[in-house]
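Structure first, then comments.
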Amino acid sequence: MEMTYRDALRQALADAMRDDPDVVIMGEEVGRYGGAYGVTKDLIRDFGPDRVIDTPISEPAIVGAAVGAAMTGLRPVAELMYVDFIGMTMDQLANQAAKIRYMFGGQIGVPMVLRTQGGTGRSAGAQHSQSLEAYVMHTPGLRLAMPATVADAYHLLRQALTKPDPVVFIEHKALYTMKEDVDLSAPALEWGKAAVRRTGDDLVIVTYSRQLHYALDAAKTLSAQGIEATVIDLRTLNPLDFETIRPHVERVGRVMVVSEGAMTCGVAAELAARITEECFDFLHDPVIRVAGEDIPISVSTQLESGSVPGPKLIAETAGRLFA
Amino acid sequence: MEMTYRDALRQALADAMRDDPDVVIMGEEVGRYGGAYGVTKDLIRDFGPDRVIDTPISEPAIVGAAVGAAMTGLRPVAELMYVDFIGMTMDQLANQAAKIRYMFGGQIGVPMVLRTQGGTGRSAGAQHSQSLEAYVMHTPGLRLAMPATVADAYHLLRQALTKPDPVVFIEHKALYTMKEDVDLSAPALEWGKAAVRRTGDDLVIVTYSRQLHYALDAAKTLSAQGIEATVIDLRTLNPLDFETIRPHVERVGRVMVVSEGAMTCGVAAELAARITEECFDFLHDPVIRVAGEDIPISVSTQLESGSVPGPKLIAETAGRLFA
Amino acid sequence: MTLQHPIPGSNTDLHRLYQEMRRVRSFEERVGELFVRGQTAGSMLHLSIGEESAAVGVCAAMQPQDTFTTHHRGHGIFLARGADPARMMAEIGGKEAGYCHGKGGSMHIADMGLGHLGANAIVGGGIPTVVGAGLAARHKKTGAVSVAFFGDGATGQGILYESMNMAALWGLPVVFCCINNQYGMGTRIDQATANTRLHERAQAFGLNGETVDGLDVESVAAAARRIVDAARAGKPGFLAVDCYRFYGHARKDKSPYRDAAEEDAGRQKDPVAHARARLIAAGLVTAADLDALDAAIDAEMDATIDFTIAQAEPPLSSMFRDVYDPSEPEPEPVRTRLDRVLARE
Amino acid sequence: MTLQHPIPGSNTDLHRLYQEMRRVRSFEERVGELFVRGQTAGSMLHLSIGEESAAVGVCAAMQPQDTFTTHHRGHGIFLARGADPARMMAEIGGKEAGYCHGKGGSMHIADMGLGHLGANAIVGGGIPTVVGAGLAARHKKTGAVSVAFFGDGATGQGILYESMNMAALWGLPVVFCCINNQYGMGTRIDQATANTRLHERAQAFGLNGETVDGLDVESVAAAARRIVDAARAGKPGFLAVDCYRFYGHARKDKSPYRDAAEEDAGRQKDPVAHARARLIAAGLVTAADLDALDAAIDAEMDATIDFTIAQAEPPLSSMFRDVYDPSEPEPEPVRTRLDRVLARE
Ligand SMILES: Cc1ncc(C[n+]2csc(CCOP(=O)(O)OP(=O)(O)O)c2C)c(N)n1
Ligand SMILES: Cc1ncc(C[n+]2csc(CCOP(=O)(O)OP(=O)(O)O)c2C)c(N)n1
Ligand SMILES: [Mg+2]
Ligand SMILES: [Mg+2]
């Protein structure tokens, strides 16, 4: 069945709400408006305003209330309209949600999901285009899922809604309208497992979220040049599935990591450091980091697209590894 | 002259305030109380309540007000009592302070300093012991200074107070009482330059803040075993002075990076990735990351000290590189 | 700093206020058109049609040295403050000739010359800025008041209360101006709060607080003058201007969450039409006079579109500029890094 | 869930309230002593001496199914709710036998059994929690009210207003209880805000709002009952309890920013002494009766110190436990990673 990423997310929410009466959605415009990107469309009609809760524009308290709800028996899906707003909520997220189980000696967990979306692609400017997953990945106690495919949009969200710990779930704004043929009833890949989306013997590309598609595009270009890439989609950044990455790196010996987030101290840095320390003796070249520029994002479309990786940069850079 | 890190910071503030009438300090308990760690003691007496401003407990607005003051002619030093509270202020810091110059096409800068302190050492628990510099280092537009010595406490703060862009200045809570013999009138090392604190031919240790002292301790232990380490103190993480690091790495070929922050996606990851990609052909071993555990910090002193690097872990790990 | 009011002929206060409102209306209609033609940068465009009296009335109470911040729906405020509509339009179009060289766009427009400390795409993001500007104004004795403009939706943000508390505590020359267009996206104000008398919150923190009906721009200007003058004298204030968002939240939103009857009633509250009617009724001008004025305004605003379309995008080379001060090195581009890494001797 | 009141003999309401307050006072004196002896974990210890009527009066108005969060100065509240003082003392001592196995300490104590959703070292950090708990209580029809306890200093935090707004908008069974001990560290409440009638803010958001004098625990209990009962019926409320922080902010702070006269006057406002005097004046008990009760309480609390000192620290092996749910793998220790990296085949 063909379905968009957006619709798969909605389906996951609806199915989870049907299966678990404790699932509630809360956030700005999630109800009557149906979500700024349409993900929660009609859910308020189907589940009512007590389970699809429109909130005031109060990001810190939205996350804080979700923490409290999760501690007292609900399974809230809090929504941040843009991951760019996570800065207001980092205290509730990192000091409360992430640490409560530990600080309280294991008495209680915080089984909430924080749904949000990030990335470039709509020339939405410096405060609506960021890729801030590194803040989350750096914070012990927070799980982090970033689906790249329609099937994962569905399955990762369903799985996130069964997890005992807080999950930050970051969608990509440029993927909502992406359509794929999926059979949602087919068995899902396990939570926490990376997916090998393509196999080749010359180069391993490790990536996630929208950059998966750019990497696959680039892999096609490279294939035409006789370079065959393995492309790994991490799916979740916490847990990070190194065991899927390792054998490919050891087999191939050349690695590129690709992330849309700013390069310095970002996810690409972690991946490069991790791969290098675990597989040093197998590497012919340093792990190549392709990531977002260390600059804010402009509204100007040409500056915007210039400031994050794309298929061209990935393919060109990979090609030069073999020049 | 012997002087504590705390007194050097106070001296820097006082000297800057004398030299520049636009320098104002604002934060919780900075005035009458003299600062939670005594750094601003008596400054309100010397400069008055219009320049040493006690604020309500409103971290987001403290940072936001500093942004506005910096845009309109003041040079504010905003204080966050603990870096752990940065989560409430990340929107004002990362979406406003860091991006204003860029978004507004270079019309105006935000010459503010955000002084705060972090790290373990006082068994202050999960919400008062973190090392969150990676959030800042990952954010384009923010400068980041982390003094390890008494002289740097003074000079880096003085220099930060002349910079055109926002500087996050993170002190270490365990260093306030550290005393060193310093001549503050001696010429200061340039802003943005790393300091080579010790030179040896067997291993390069790259670190900053309190871990510098642990690394120097470990270097002594290693020296007794015949292993001589070069120890580099970064002083500022943005700018990052790679040009000081490079020749030592190329010369020595073995590197350890040490950070108190959580390992995953932290500063140690960036340093390891950067050193590896720039100096790959010179490395005998992968860059070794020694960093904080990916867990919250406990109040229990033994769990607290167990969760961050110390001289023993650094020396043992280095020793094993040569076993 | 000169406030530009390029169309001459103001003969009464209301006449000038009408003219300013009419310019905002005309600009907004055209920027919406530019958007539809795909010529604006940015997927988001928020029009202030219906809210002109707030922009014009409050700006009329401000002095040249005053500063301000706005929310994402700030075109009208900036225009009322004297912005050059062509440079505004160019910025919204993401062009090099714009106020921010095309980097900021509609939601991040600013101009230090006119005291515009910036629009903001973060709801509430520009509110604490004025507290700092107020501190600086007092410290430097500039006599400036700093005004934060924001929507009713921003009353959900805690930072508003933190900022009002500081302003009141320190007696700062600061004004919080809430343009209450009844909606934050699809959420009506009474769906976002249990007490819609928003000024009561300001009073509870010790500020002057008033709500004024935005239908009549002269009432807005009078209320603003009370609040701004008191702020200048050390008593900060809050002014809510009640109005109605005539169109969708952003240009593409058709407001399906509002019914036609409500929208019709809301659009009756048209401050431009109201001022026009009053001017004519007072016998000061004829409809023909105003038609001529309107036509002149529309022609001026039409020109901003042609200007914008003719302008160039910022060059790719500007991408790394202005992350830091020009005296500092630019961030190293990823490509430059890759060149070095891939070169390996 | 059983509320423990281990000392029998309550014969009147005030007698019970006195007893509870006396237990808090006794506990706090002893925990301060433990701190001085270097036996507490954590460099920060905040005593609630002088604030006993807030803890005891409000808890007296709560029902067993109710939940709550506290600030960093929360020992008294937890005790008043029925905590086991030995396990509390052990937690504050950082011992395995404590409520949180020594990981949380004084500022992060919690107990799901008694509905204690956690103390917090972030000023204001536990406030929105009760909004969520209120939503859950309504959803699950538990009949529970959730109470956020916090200090006057937390009124500086915007999240309080966001939370109150939500509670009022949704009619949640939630109470915001501000223990106004006049100081946030060294800052007196009138140095932190221009309007110290804090309940007016709650009213402006549409909540019930009251301020009560903490000298008289019966008045506090009565006010709390009004506020809590109304919240249970769907009208959330705010209660400020005026009291005085008898000692420093933390155990080591000597409050140099307060003068002796002020402190003397403040300490006159002693809810324990006041209740004692009233009990005796009413002829219900004699001073000797109360002396005996006090001695029994002190003996109980003395025992918590011996208990705590005898307990073990949490084992190092517990360090990686409870970051995630026990069903999930623990985070990999740095040493394990290093073992692998250094091994290299
Ligand atoms: C912090 C933050 N939260 C949410 C948004 C998304 N958003 C943009 S405008 C808006 C509604 C704002 O309403 P209001 O403040 O009344 O301004 P109006 O659009 O009515 O002018 C929302 C929710 C945002 N930009 N920033
Ligand atoms: C977010 C945050 N800011 C600052 C602090 C430091 N701090 C701890 S307690 C305190 C004063 C709190 O005063 P109040 O809320 O009145 O509580 P009290 O200590 O009087 O009980 C401050 C500033 C903190 N822990 N958290
Ligand atoms: Mg609005
Ligand atoms: Mg207090």
Side-chain angles (χ1 to χ4, degrees), chain B residues 28-29 31-34 36 49 54-62 81-82 84-85 87-88 121-129 173 256 262-264 268 285-304 306-309 313 316-321 323, chain D residues 40-44 72 91-92 94-96 100-108 120-125 151-159 184-188 191-193 249 253 256-257 313-316 318-323 330-335 337-339 341-344:
Chain B
E28 296 157 15
E29 307 299 331
R32 286 175 300 268
Y33 201 93
D54 278 319
T55 66
I57 307 173
S58 309
E59 284 81 4
I62 291 169
M81 202 181 282
Y82 286 77
D84 307 70
F85 312 155
M88 322 190 162
R122 295 183 37 89
S123 74
Q127 296 171 340
H128 280 64
S129 307
K173 65 168 71 57
M256 174 187 286
M263 179 175 282
T264 297
D285 292 284
V287 175
I288 302 297
R289 274 197 283 175
V290 176
E293 301 289 353
D294 289 319
I295 65 174
I297 312 280
S298 293
V299 275
S300 149
T301 42
Q302 102 167 352
L303 265 48
E304 179 192 31
S307 57
V308 296
L313 179 64
E316 275 175 19
T317 305
R320 287 166 67 191
L321 260 182
Chain D
T40 54
S43 48
M44 294 155 190
H72 54 284
E91 184 57 39
I92 298 167
K95 300 303 176 70
E96 172 71 17
C100 307
H101 303 304
K103 277 179 172 153
S106 164
M107 295 200 293
H108 305 294
N120 222 300
I122 299 295
V123 169
D152 46 292
T155 62
Q157 294 286 12
I159 204 164
M185 291 189 69
T187 302
R188 217 174 44 226
Q191 296 163 335
T193 192
H249 165 66
D253 170 28
Y257 42 83
E313 285 218 21
L316 251 183
S318 71
M319 197 160 85
F320 299 92
R321 193 184 303 152
D322 297 326
V323 181
E330 292 184 353
E332 182 176 58
V334 168
R335 280 168 205 271
R337 173 92 62 91
L338 287 171
D339 284 347
V341 173
L342 291 167
R344 297 172 63 192

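Throughout, protein chains are lettered first and strands after them, A, B, ... in sequence-line order, and every chain is numbered starting at 1. None of these values were measured; they are calculated from a predicted model.
With values rounded to the nearest 0.5 angstrom, S300(B) atom OG is found 10.0 Å from K95(D) atom NZ. One distance of note links CD of E316(B) with CG of L338(D); it measures 10.5 Å at 0.5 Å rounding.
The contact between D339(D) and chain B is made by backbone and side chain atoms together, counting heavy-atom distances below 4.5 Å. Heavy-atom distances place the backbone of A291(B), and not its side chain, under 4.5 Å from chain D. Of the atoms belonging to L342(D), it is side-chain heavy atoms, and not backbone ones, that fall under 4.5 Å from chain B.
Among the candidates D54(B), I288(B), L313(B), the residue making the largest number of heavy-atom pairs closer than 4.5 Å to chain D is L313(B). Counting heavy-atom pairs closer than 4.5 Å to chain B, the top residue among T155(D), D253(D), I159(D), T40(D) is D253(D). Looking only at heavy-atom pairs under 4.5 Å with chain B, the residue among G124(D), P256(D), G153(D) that has the most is G153(D). The candidate from G94(D), G102(D), C100(D) with the greatest count of non-hydrogen atom pairs under 4.5 Å with chain B is G102(D). With respect to chain B, the highest number of heavy-atom pairs below 4.5 Å among R335(D), E330(D), H101(D) belongs to R335(D). Chain B forms more heavy-atom pairs under 4.5 Å with one residue of S106(D), G105(D), A121(D) than with any other, namely A121(D). Per-residue heavy-atom pair counts under 4.5 Å with chain D were compared for P296(B), P286(B), A323(B), and the maximum is reached by P286(B). Most heavy-atom pairs under 4.5 Å with chain B: of the set G125(D), P314(D), A41(D), this distinction falls to P314(D). The candidate with the highest count of non-hydrogen atom pairs below 4.5 Å against chain D, out of D84(B), T317(B), T301(B), V290(B), is T317(B).
Between the side chain of E313(D) and the backbone N or O of L303(B), no donor-acceptor pair lies under 3.5 Å. For E29(B) (side chain) and G186(D) (main-chain N/O), a donor-acceptor pair under 3.5 Å exists by modelled atom type. Under the 3.5 Å distance criterion, the side-chain polar atoms of Q157(D) are left unmatched by any main-chain donor or acceptor of S58(B).
By the 4.5 Å heavy-atom criterion applied to side chains, R188(D) and R32(B) are not counted as neighbours. Residues Q127(B) and H108(D) have side chains in contact (heavy-atom distance under 4.5 Å, counting atoms from C-beta outward). Looking at F85(B) and V123(D), their side chains never come closer than 4.5 Å, going by heavy atoms from C-beta outward. Between P56(B) and T193(D) there is no side-chain heavy-atom pair separated by less than 4.5 Å. Within the 4.5 Å cutoff, no side-chain heavy atoms of P331(D) are placed close to those of E293(B). Between M81(B) and M185(D), the closest side-chain pair of non-hydrogen atoms falls below 4.5 Å. For the pair R289(B)/R337(D), a side-chain contact is recorded, criterion being any heavy-atom separation below 4.5 Å from C-beta on.
Inspection of the T187(D) and E28(B) side chains reveals no N or O donor paired with an N or O acceptor under 3.5 Å.
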Problem set entry | From CA spacing to verdict: side-chain contact (heavy atoms from CB on, under 4.5 Å), M319(D), S307(B) | CA-CA 8 Å; M319(D) 197 160 85; S307(B) 57; 4.1 Å; yes
For this session: Go through the steps to decide whether E304(B) and K103(D) satisfy the test salt bridge (charged side-chain N to carboxylate O under 4.0 Å, His left out), and finish with yes or no.
Result: CA-CA 9 Å; E304(B) 179 192 31; K103(D) 277 179 172 153; over 6 Å; no
For this session: May I have the step-by-step check of side-chain contact (heavy atoms from CB on, under 4.5 Å) for M107(D) and H128(B), ending in yes or no?
Result: CA-CA 10 Å; M107(D) 295 200 293; H128(B) 280 64; 4.2 Å; yes
